[in-house]
Amino acid sequence: MDAFYITTPIYYVNGEPHAGHAYTTIAADVLARYHRLKGKHVSFLTGVDEHGANVEKAAAREGLEPQIYCDKMAPIFQKLWKRLNISNDIFMRTTSQMHKRGVAKFINALYRTGDIYQDKYQGYYCRPCEQFFTDKELNPQKTCPIHKLPLEWVEEENYFFALSKYQKQLIEHINANPNFIYPTSRRNELLSVLKSGLEDTCISRASVSWGIPLPFDEKYISYVWIEALSNYMTAVGYETENAQYQTFWPADVHMMAKDITRFHALLWPAMLMAVNLPLPKHIVGHGWLTKNGEALSKTRGIFIDMDADIATYGVDAFRYYLLREFSFGNDGDYRPSRLHARYNADLANDLGNLLNRVLGLVNKHFGQIPEPTTPGKFDDDIKNLVQETVARLDVLIQEFAFDRALETIWEFVRGINRYIQKKEVWTLTRAETKLKMGNILYDCLEALRIIAVLISPFMPDTAHRMRTQLGLASSTEDDMDTLQSCQEWGQSPPGLTVSRGKPIFPRVDTKQANQKTAAKQNTETDTQNLITFADFKKLELRAATVIAAEPIEGTDKLLKLQVDIGTEKRQIVAGIAEHYTPKSVIGKQVILVANLEPATIRNVKSEGMLLAGRGEPVVLATLDAEVPPGSTIR
RNA sequence: CGCAGGGUAGAGCAGUCUGGUAGCUCGUCGGGCUCAUAACCCGGAGGACGUGGGUUCAAAUCCCACCCCUGCAACCA
C-alpha cells in the first residue's frame, strides 16, 4: 500500500496555541484525511517543541520546573486538536526519550561526516531570543528589536554545520524538483537566497541549559532548529530504523507557515544530504492570517477568537472557511463577517438545504432509498459531472489549492440543485411518473453520498451527519467510503431507510451571531480582565502641568516634555507629536502616571507616562477644572 | 533608497510562474419555481485588471520606472 507521511511543525510551547497554529494543522489534517480516502497508509505528525531558553523562561515566570511547565502545556495543544477534529497519528513531544535518542543518533551521524567543526562565534546576542544579530540587523542603540534589551557582545566556542558546502547541491535539487517548494513565490525567494550564498550555521548553544546535549560534547546544548527539524524522523522511528521508519521516511509533505520555510527548505535538506538520507518531497509554506486587515498581535490584542466562532458556527464551518476563503500560499484576512456569509450561503443554503430538500422528497414519496429502474436508470450529465469533479479535485489537492478544490465540490453541489430544478421532481407524483421520480431522486441520493465523501477531509463531522441522514452510516467509527467508491455510480443500496433529521447547517442570522459573540466577550471581561482594588491602588496618578515642550530630533512621533507635579519637575517623552505641536501642549494640565519605572526612548529619559485617548487622533486626558499641580487623582 | 506582501466590478478574492474572448462568491436589479433551512433555479447591470512606458500579431499576465496601501522594524512609557 502506498504510504503518505505529512507533518506540521512542532509548535513552541512558550505560549498558548492560536489560530495560526490551527490553520496549519487543519490544512495538514485535510491532506491526511484525503490521502486516507485514497486508500493510502497515512501517518500524520504534529507536536510540540519543548526545549530552548524561551521555554525555560516561561516556566520560570510561572515558578515551575521546565519539565512540569511542558507537561502542563502539551495537553493544551492536544485539547485544541481534539476540538478541531485533527486526526494526527502521532503527537511529538521533544522531551520524550525516543526523540532525545533519535536526535543523538542524528547529530552523531552528522558529526561523523566531518561537516561539523568547532569555531569561535562572536557577535551581538540577545539571550531571550537565543539569537545573534548581524551588523545589518543592528539598530544604533544595539538593542534587541523584540525585547528592547541591550544586546550583549558574546564570544563563544561553538560547533558549526558546514551549510555553505551544500549551496550548489541545494540549487540543483530545487531546480530538478520544481514542486519541492510550494508556492512558487517562496521557491523563487529561496533560490535567490541560495544564489547570494549561505553561511554555516551554528548548531550549539553554550549558554542555554534546557535542551538536548550534543552527544559528542555534552557541555553544549544543541541548537533548537537542529533538534526540532530532526523530529520529523525521530517521530517515525529513526532511532531504530524500524519498519515504520522504512515505510514513512522520507516525508511527503512538511506543512508550515511561510516564515519558517527557509529552515525546512535549506537547512534541513542540507543536513539530510550530509548524512545521505532521502529528502522530504514537498515543503509547503502557507500565508499568514490577519484579522479585519490587521496583523494578529498579542500586545495589541488582535486575535482570532476561535472559541466564539466555533461556538456560533461549529468546527466544520470554521475549517471550511479557513480553507475555502483563502488562497493557501497567500496571506488571508480573517473576517467573522465573511465566515458568517460563507456559512449561510455555502453551508446552509447550498449544501444543507440540498440534503434537506432531497430527503424531504424521498421521505414523503418513498420513505426509503428508491430502486432505480431501467430504462434511463441514471442521468449521464450527473455521472459525468461526478467524474470531472473527482478528477479536478485530485489535481487541485496535489497543488494545495484548497480554495479551488472546495469551489469545485460546490459547483457539483449547485449542479444537483440545478438538476432538481430542471427536472421539476416535485411534480412527478402521479403513478405514471413515480418511477421517473424514483430514478431522479436516486441520482440525487447518490450525488449526496458522493458529496459526503468528497467533503469528509474538510468537514469530517458533517460528512458523518450526512451519511447518517442518508441511511448509510454503519455502527463503526470509521465508515467513510473511499474515493474509489465515488467513481462507481449506484452504490447506495435501495430499500434503506433514510432519516431526515434536523438541518445540518441551520441558518444563523446576523443578530444571533452578534449576540453570541457579545455574550462571550462579556463573560470574558467579567472573569478575566478584572483587577483588584489593591492593584489599582498601586497606580500613582497625579495632575501635571506642562511647562515646556520640544520635538525630539530625528523622530516623527515624539515630544520631550517638562511637567510640574508640585513637589518636583519631571521629564516625559510622549508619542503625541503627530497630533500636538509643542506650543499647543504648554500650559495644559494633564494626568501623569507618576510611579512608572523610567525608560529611555531614543536616548531621551522619560520619567512617567501621560494618559491619553489612543484613537485617531490621540487625545490627551485633561482635567475638568484646574487643580494644584501634583494633586493625586483617583 | 530598511525588509516583506499587496493594488482585478459595490465588498471579499481567484487568475499572473506556462501571454491568446476577464472569472468566482457575496451584494444588487429583473424573472421563474414552490420539494426545501424566506431556501433553490434562470437572466441582467456593474471592470481604464494602481499609473506611465517598453517587448509582442497579442499583456491583468513578461520587462523598466513611478504612485498608493498593509504588515514587520523603527519613534507608541
Side-chain angles (χ1 to χ4, degrees), chain A residues 136-137 139-141 143 145-146 148 178 183-185 187-189 258-259 287-288 290 293-297 299-300 324-333 335 337-338 340-342 344-365 401 403-404 406-408 410-411 413-429 437 441 444 500 502-509 551-559 572-578 592-593 596-612 614 618:
Chain A
K136 225 180 142 184
E137 293 165 331
N139 58 39
Q141 290 90 44
T143 55
I146 295 161
K148 323 279 180 200
T184 320
S185 53
R187 175 174 176 267
N188 294 341
E189 182 189 325
K258 65 183 183 182
D259 50 331
W288 284 332
T290 56
E294 294 185 282
L296 303 182
S297 156
T299 50
R300 286 194 300 154
R324 173 62 187 87
E325 183 84 345
F326 310 131
S327 177
F328 197 57
N330 300 340
D331 290 0
D333 190 27
R335 292 176 187 239
S337 62
R338 295 288 306 162
H340 178 79
R342 283 275 176 209
N344 278 336
D346 298 357
L347 301 181
N349 294 354
D350 286 343
L351 179 61
N353 182 54
L354 173 64
L355 178 70
N356 204 39
R357 74 193 293 207
V358 168
L359 290 179
L361 286 164
V362 171
N363 241 2
K364 190 164 169 194
H365 301 290
D403 56 336
R404 279 180 292 156
L406 283 166
E407 195 182 337
T408 302
W410 252 255
E411 274 165 26
V413 170
R414 292 192 201 98
I416 304 306
N417 270 322
R418 202 175 303 135
Y419 178 63
I420 294 171
Q421 194 74 28
K422 228 188 253 166
K423 299 283 182 184
E424 302 188 341
V425 199
W426 57 91
T427 63
L428 306 174
T429 52
M437 186 186 209
L441 286 178
C444 291
R500 181 195 194 194
K502 281 193 204 135
I504 51 173
F505 293 111
R507 279 183 66 89
V508 174
D509 66 44
I552 296 175
E553 217 155 293
T555 74
D556 304 327
K557 292 187 184 167
L558 301 185
L559 289 185
I572 308 292
V573 175
I576 56 171
E578 288 177 321
L592 176 76
V593 182
L596 190 67
E597 63 180 4
T600 303
I601 298 145
R602 276 286 167 142
N603 284 327
V604 181
K605 202 164 188 200
S606 182
E607 305 161 308
M609 174 177 170
L610 301 187
L611 298 189
R614 318 204 64 139
V618 169

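So you know, we letter chains A, B, ... as the sequences are listed, proteins then strands, and number each from 1.
Summarising the base pairing, B:rG19 is matched to no nucleotide, lacking a Watson-Crick or G-U wobble pair whose two defining distances lie under 3.5 Å. Partner assigned to B:rA60 is none, using Watson-Crick or G-U wobble distances below 3.5 angstrom. Pair check for B:rG2 finds B:rC72; Watson-Crick or G-U wobble, both atom distances under 3.5 Å. Pairing partner, B:rG47: none, since no Watson-Crick or wobble contact has both distances short of 3.5 Å.
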Could you please spell out the steps behind the side-chain contact (heavy atoms from CB on, under 4.5 Å) verdict for A:Trp426 and A:Ile420?
CA-CA 8 Å; A:Trp426 57 91; A:Ile420 294 171; 4.0 Å; yes
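The two residues A:Gly329 and A:Pro183 make their nearest non-hydrogen contact at CA-CG, 4.0 Å. In this structure, A:Ile416 and A:Cys444 approach most closely via the heavy-atom pair CG2-SG, 4.2 Å. The heavy-atom pair separating A:Ala348 from A:Phe505 by the smallest distance is CB-O, 3.2 Å.
The C1' atoms of B:rC42 and B:rC64 are separated by 48 Å, rounded to the nearest whole Å. Nucleotides B:rA59 and B:rA22 are separated by 13 Å at their C1' atoms, to the nearest Å. B:rU21 sits 24 Å from B:rG6 when the P atoms are compared, rounded to a whole Å. B:rG32 sits 45 Å from B:rU70 when the C1' atoms are compared, rounded to a whole Å. Annotation: B:rC3 and B:rA74 have their C1' atoms spaced 12 Å apart (nearest Å). B:rU61 sits 10 Å from B:rC17 when the C1' atoms are compared, rounded to a whole Å. For the P atom pair drawn from B:rA11 and B:rU28, the interatomic distance equals 15 Å after rounding to whole Å. B:rG27 and B:rC13 have their C1' atoms separated by 14 Å, given to the nearest Å.
Within the nucleic acid shown, A:Glu325 comes within 4.0 Å of sugar-phosphate atoms alone, with no base atom in reach, counting heavy atoms only. At the heavy-atom level, A:Asn344 lies nowhere under 4.0 Å from the strands shown. Within the nucleic acid shown, A:Ile504 comes within 4.0 Å of at least one base atom, counting heavy atoms only. As judged by a 4.0 angstrom heavy-atom cut-off over every strand, A:Val573 is placed among residues touching the sugar-phosphate backbone only. Nucleic acid contact for A:Gly332: none, since no nucleic acid atom lies under 4.0 Å from a heavy atom of the residue. A:Phe326 comes within 4.0 angstrom of no nucleic acid atom, judged by non-hydrogen atoms across all strands. Note on A:Gly360: nothing from the nucleic acid sits closer than 4.0 angstrom, heavy atoms only.
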All N/O pairs under 3.5 Å across the protein-nucleotides 25-34 of chain B interface:
unit_1: B:rG32; atom_1: N2; unit_2: A:Gln421; atom_2: NE2; d: 2.9

Below 3.5 Å is the cut-off: list the nitrogen or oxygen pairs between protein and nucleotides 15-18 of chain B, distance only.
unit_1: B:rC17; atom_1: O2; unit_2: A:Thr184; atom_2: OG1; d: 3.1

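Using a 4.0 Å cut-off, some side-chain N or O of A:Arg418 falls inside it from OP1 or OP2 of B:rC42. For the OP1/OP2 pair of B:rU37 and a distance below 4.0 Å, the side-chain nitrogens and oxygens of A:Asn356 include at least one atom meeting the criterion.
Taking A:Glu407 as the reference, nothing meets the side chain to side chain donor-acceptor pair (under 3.5 Å) condition, with sequence neighbours excluded. Applying the side chain to side chain donor-acceptor pair (under 3.5 Å) rule to A:Arg404 yields no partners; only residues at least two apart in sequence or on another chain are considered. Applying the salt bridge (charged side-chain N to carboxylate O under 4.0 Å, His left out) rule to A:Glu325 yields the partners A:Arg338, A:Arg342; only residues at least two apart in sequence or on another chain are considered. In this structure A:Thr290 satisfies the side chain to side chain contact (heavy atoms under 4.5 Å, CB included) test together with A:Asp333, sequence neighbours excluded. Applying the side chain to side chain contact (heavy atoms under 4.5 Å, CB included) rule to A:Lys258 yields the partners A:Arg186, A:Trp288, A:Asp331; only residues at least two apart in sequence or on another chain are considered.
Distance check, rounded to the nearest 0.5 Å: CG of A:Leu559 to CD1 of A:Ile572 gives 12.0 Å.
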Validation: residues 350-365 of chain A side-chain donor-acceptor distances under 3.5 Å, sequence neighbours left out:
unit_1: A:Asp350; atom_1: OD2; unit_2: A:Arg414; atom_2: NE; d: 3.4
unit_1: A:Asn356; atom_1: OD1; unit_2: A:Arg500; atom_2: NE; d: 3.1
unit_1: A:Arg357; atom_1: NH1; unit_2: A:Asn417; atom_2: OD1; d: 2.8

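Checking B:rC35, B:rG12, B:rA39 against every side-chain atom of A:Arg507, the shortest atom distance belongs to B:rA39. Comparing B:rA39, B:rG5, B:rC41 against the side chain of A:Asn349 picks out B:rA39 as the nearest.
For A:Asp259 and B:rA73, the CG to P distance is 13 Å, given to the nearest whole Å. To the nearest angstrom, P of B:rC40 lies 6 Å from CG of A:Asn353. Spacing between atom NZ of A:Lys502 and atom C1' of B:rA39 amounts to 19 Å, rounded to whole angstrom units. Taking atom CG of residue A:Leu359 and atom P of nucleotide B:rU37, one finds them 12 Å apart after rounding to whole Å. Separating the CG atom of A:Leu355 from the P atom of B:rC35 is a distance of 18 Å, rounded to the nearest angstrom. Summarising the geometry, the separation between OH on A:Tyr419 and C1' on B:rA36 is reported as 17 Å, rounded to the nearest angstrom. Remark: P of B:rG12 and CD of A:Glu407 are 18 Å apart, rounded to the nearest angstrom. Atom CG of A:Asp331 is separated from atom P of B:rC13 by 11 Å (rounded to the nearest Å).
Each salt bridge (Lys or Arg N to Asp or Glu O under 4.0 Å) pair with one or both residues in residues 416-427 of chain A, not counting sequence neighbours, appears once here: A:Asp379-A:Lys423.
The residue among A:Gly415 and A:Leu354 whose nearest nucleotide of RNA chain B is located toward the 5' end is A:Leu354.
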